Number of protein chains: 2
Amino acid sequence: MTTKLKGNAVVGQSGGPTGVINQSLVGVIEEVCEQECIQDLLGAVHGVRGIVKEDFVDLKKLSRHDREDIARTPSAALGSTRDKPDEEYCGRIFEAFRKRNVRYFFYIGGNDSANTAHIVNMMAQQAGYELKVFHVPKTIDNDLLITDHCPGYGTAATFVAHALIGDDLDNRSLGGIKIDIVMGRDAGFLAASAMLAHRRDDDGPHLIYVPERPVTMEQFVDDVAAVYDKHHRCLAVVSEGIRDTTNSLWAKNILQHLEADDHGNVQLSGTGALADYLIMKLREKMPTARMRADTFGYLQRSFPGLISPTDAYEARYCGRMAVFYASGPYTSGSVCMQRFGKGDRYRVDTFITTLASVAAGTKSLPAEFINEAGNNIRPSFYDYVSPLVAPLPEVGYIEGRLTK
Amino acid sequence: MTTKLKGNAVVGQSGGPTGVINQSLVGVIEEVCEQECIQDLLGAVHGVRGIVKEDFVDLKKLSRHDREDIARTPSAALGSTRDKPDEEYCGRIFEAFRKRNVRYFFYIGGNDSANTAHIVNMMAQQAGYELKVFHVPKTIDNDLLITDHCPGYGTAATFVAHALIGDDLDNRSLGGIKIDIVMGRDAGFLAASAMLAHRRDDDGPHLIYVPERPVTMEQFVDDVAAVYDKHHRCLAVVSEGIRDTTNSLWAKNILQHLEADDHGNVQLSGTGALADYLIMKLREKMPTARMRADTFGYLQRSFPGLISPTDAYEARYCGRMAVFYASGPYTSGSVCMQRFGKGDRYRVDTFITTLASVAAGTKSLPAEFINEAGNNIRPSFYDYVSPLVAPLPEVGYIEGRLTK
């Protein structure tokens with residue numbers, strides 16, 4: 001294969017949106033404009049679906065001004081897709097590439113997107129068709145293998161930290177028990193970021209539960225009751241992927257429970273079911289306490305106006321570097337980040353790993369960050385997460401009650 | 001009554017927190033420091049509860065720096081309460097005032113707080129005890145009578161508008177139906193503020209339902225289906241106070257329905273029940289469409305970092321003006337805002353109304369702002385709401401698909 005392969009390129013976005021997925025897209029566009037080996041850059045509308053439907057936009061036509069508008073806009077500007085192509089589908093992608101002399105393919109997404117890229121890449125090799133295939137990482141879950149962290153995570157973590165700072169003030173002001181359900185079906189990174197809101201000894205969140213550490217309902221209820229006894233209030237963060245000790249999702253158990261009660265047609269698999277179920281269980285033990293549960297939902301992934309500058313920068317850099325690597329001797333791969341230094345000295349550089357290694361699975365929150373009781377995040381996680389988020393608001397408190 | 005009554009003052013905060021309720025508190029503190037007639041300023045911890053328990057802080061001790069930290073912090077820094085004092089309770093408040101020579105009472109809250117202030121004021125008059133009583137308005141619901149609008153609303157509306165801008169981008173990117181449940185049990189002002197996210201013809205929210213306009217489930221489902229047919233997606237905002245055509249809360253009907261099914265112990269009165277129920281009803285008509293519903297919950301009232309500057313300014317101004325009026329010939333009242341000018345020329349001034357007139361009830365979203373079909377907000381609402389919110393993020397779109 002020649003290293004300066006000439007032809008057109010396709011870029012697509014896939015999976016759940018993030019606050020900075022368009023930064024990666026614009027990074028790809030910028031770098032393509034610098035590299036002479038790539039002629040046209042086609043944006044696939046709604047990811048792989050746009051490729052097989054030949055639904056494209058000409059991204060080189062965008063003005064610099066438009067690019068910047070798009071870069072700072074959350075959610076996938078090209079449209080996204082939940083399609084997970086099998087080999088036959090990947091074959092159709094490959095055929096569409098062949099038809100338009102596409103020699104470069106950049107796919108921005110999670111590990112399923114890396115897998116799509118991997119299969120397309122293998123098909124091209126088998127057919128002897130010269131194609132360079134690169135995956136650009138994206139996920140608010142931060143659960144991709146190999147890379148230190150993922151573009152999209154820092155911005156979602158910024159939202160969650162803000163939400164918990166506000167909710168702790170709210171809980172302080174009125175007392176009672178508050179449960180917040182945070183995204184992350186398999187990985188606890190996003191729920192763990194709630195620890196950023198805990199800045200003074202009695203600050204919430206007082207408890208954080210992640211999918212990596214199964215917990216019984218009894219322990220959960222006892223934990224909340226103990227905090228409530230101590231502080232007359234309790235703020236707890238529960239990952240939507242929380243599991244019982246048989247490693248079964250609580251959310252799934254609740255659904256089965258309700259179906260068993262002939263409520264199969266009441267579809268409680270929505271956002272509120274886990275929250276409502278937890279409140280019900282807590283109320284059995286503490287019938288008079290003021291309680292409320294919120295499920296943050298999609299707000300965590302597309303909220304505008306609270307983008308982490310570091311995350312935005314890194315997302316764009318990963319997009320640029322995918323094209324840069326593609327224009328050199330690399331023929332395929334996934335862009336990864338490595339970090340150097342802590343705190344103010346934090347910085348990243350990129351490297352390339354194989355598509356297969358990222359496609360192979362997902363990463364869990366390392367056990368070292370979870371406390372022994374399995375109900376909170378250790379302070380050491382702060383060093384990992386704090387460089388990735390936007391500056392958090394400082395708040396003020398009134399102290400010093402008068403004696404009677 | 002002398003106009004320059006000398007004595008101590010008590011200030012308290014009541015009801016659900018807002019992003020700027022501490023601005024009003026700091027406004028009271030600032031102006032008290034300017035008025036010689038008031039000696040000590042006692043902050044009541046958790047509102048009226050702190051008064052009857054004699055749980056106070058000395059607010060004059062706060063440094064200017066602390067004051068500013070507190071002012072920009074969401075949620076009630078003194079602690080809040082849901083206590084709605086009856087006459088006996090108000091009698092205990094009055095006794096606590098008498099004991100500490102309290103001659104000024106400032107209460108920051110909604111119409112229940114105005115009512116508390118009103119009863120305490122009447123008791124003082126009956127006892128011949130000189131006391132000046134002032135209510136400072138606060139509510140994210142924006143439903144106080146007499147005043148043009150309420151401190152707290154602009155910041156909550158800023159959050160809702162941001163959320164809908166992000167959620168529209170999310171919905172655009174993946175398609176399908178998305179329902180967002182917004183706070184406002186009796187008044188649709190907050191749900192209506194979602195219209196700020198609708199800036200281009202096909203932008204969501206495509207539908208907005210408010211408590212002031214009852215709607216049948218059939219109409220709701222048909223409305224969503226019609227938008228979905230047209231745009232292949234639909235973003236709808238539903239006020240938690242949405243009512244059926246018998247004027248009964250949908251949320252309440254759902255609970256009754258489930259209780260009738262022997263699920264009384266499954267307490268679905270939480271945040272998710274209405275959202276899940278709407279999805280269930282929509283799925284009956286559109287079984288294959290991608291659907292999701294989120295309930296924004298407490299995020300709407302205490303989220304830090306997205307405070308409306310206008311709201312913050314006005315909240316502080318209302319706090320200051322309460323003390324200013326109290327130091328003059330007025331003996332009691334509620335601070336109201338009047339607006340002059342539109343757009344860039346928007347400004348407010350304050351005036352005083354009676355405590356009784358604010359205590360008497362709540363304000364509804366005027367019918368002139370609701371469209372004929374009862375499923376959206378008219379563009380004219382923009383002039384009302386836009387001066388109250390923070391600047392909203394501009395977003396970028398990719399347009400111009402290639403022909404095949």
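Chain letters run A, B, ... following the sequence lines, proteins first and then strands; every chain starts at 1. In what follows, every heavy atom counts, from backbone to side chain, and hydrogens, waters and symmetry copies are set aside. Bear in mind that the values here come from a model prediction, so they are computed numbers and not experimental data.
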I want to check a possible cation-pi pair here: A:R301 against A:F296, using under 6.0 Å from ring centre and within 45° of the ring axis as the test. no
With chain B as the partner, which of A:P17, A:G166, A:P304 has the greatest number of non-hydrogen pairs under 4.5 Å? A:P304
Could you check whether atom NZ of A:K60 has more than 12 heavy atoms from other residues, nucleotides or ligands sitting under 6.0 Å from it? yes
What do the steps show when you test B:D294 against B:R292 for salt bridge (Lys or Arg N to Asp or Glu O under 4.0 Å), and what is the final call? CA-CA 7 Å; B:D294 280 330; B:R292 170 105 181 192; 3.6 Å; yes
Can you list the residues of residues 157-164 of chain B that sit under 4.5 Å from chain A, counting heavy atoms only? B:F159, B:H162, B:A163
Answer key: most heavy-atom pairs under 4.5 Å with chain B among A:L306, A:N22, A:D69 is A:D69
Check whether more than 12 heavy atoms from other residues, nucleotides or ligands sit under 6.0 Å from atom CZ of B:R200, and answer yes or no. yes
Roughly how far apart are A:I181 CD1 and A:Y277 OH, rounded to 0.5 Å? 13.0 Å
Heavy-atom pairs under 4.5 Å with chain B, option from A:D167, A:V45, A:L42 with the top count: A:V45
Winner by heavy-atom pair count (cut-off under 4.5 Å) against chain B, out of A:P393, A:A390, A:S173: A:S173
For chain B, which candidate among A:S80, A:G79, A:G175 shows the most heavy-atom pairs at distances under 4.5 Å? A:S80
Top contributor to chain B interface from A:D168, A:D180, A:L59, A:L299 [non-hydrogen pairs under 4.5 Å]: A:L299
Would you kindly say whether A:R233 and A:N171 are connected by a side-chain donor-acceptor distance under 3.5 Å? yes
Part of A:R72 within contact of chain B (heavy atom distance under 4.5 Å): side chain
Going by heavy atoms in the side chains, are A:Y298 and B:K178 under 4.5 Å from each other? yes
Which region of A:D58, side chain (C-beta onward) or backbone (N, CA, C, O), has a non-hydrogen atom less than 4.5 Å from a non-hydrogen atom of chain B, or is it both or neither? both
Under 3.5 Å: donor-acceptor pair, side chain of A:D66, backbone of A:L62: no
For A:E399, is it the side chain, the backbone, both or neither that has a heavy atom under 4.5 Å from a heavy atom of chain B? backbone
When the 4.5 angstrom heavy-atom criterion is applied to A:F56 and chain B, the contacting part is both
Heavy-atom cut-off 4.5 Å, strictly under: side chain, backbone, both or neither for A:R290 against chain B? side chain
Salt bridge (Lys or Arg N to Asp or Glu O under 4.0 Å) between B:R100 and B:E54: does it pass, once the steps are laid out? CA-CA 10 Å; B:R100 287 184 177 257; B:E54 299 185 53; 3.8 Å; yes
Could you check B:M286 against B:M291 for side chain to side chain contact (heavy atoms under 4.5 Å, CB included), going step by step and ending with a plain yes or no? CA-CA 9 Å; B:M286 292 166 280; B:M291 290 180 195; 3.8 Å; yes
Could I get the full list of side chain to side chain contact (heavy atoms under 4.5 Å, CB included) partners for A:A96, not counting sequence neighbours? A:I51
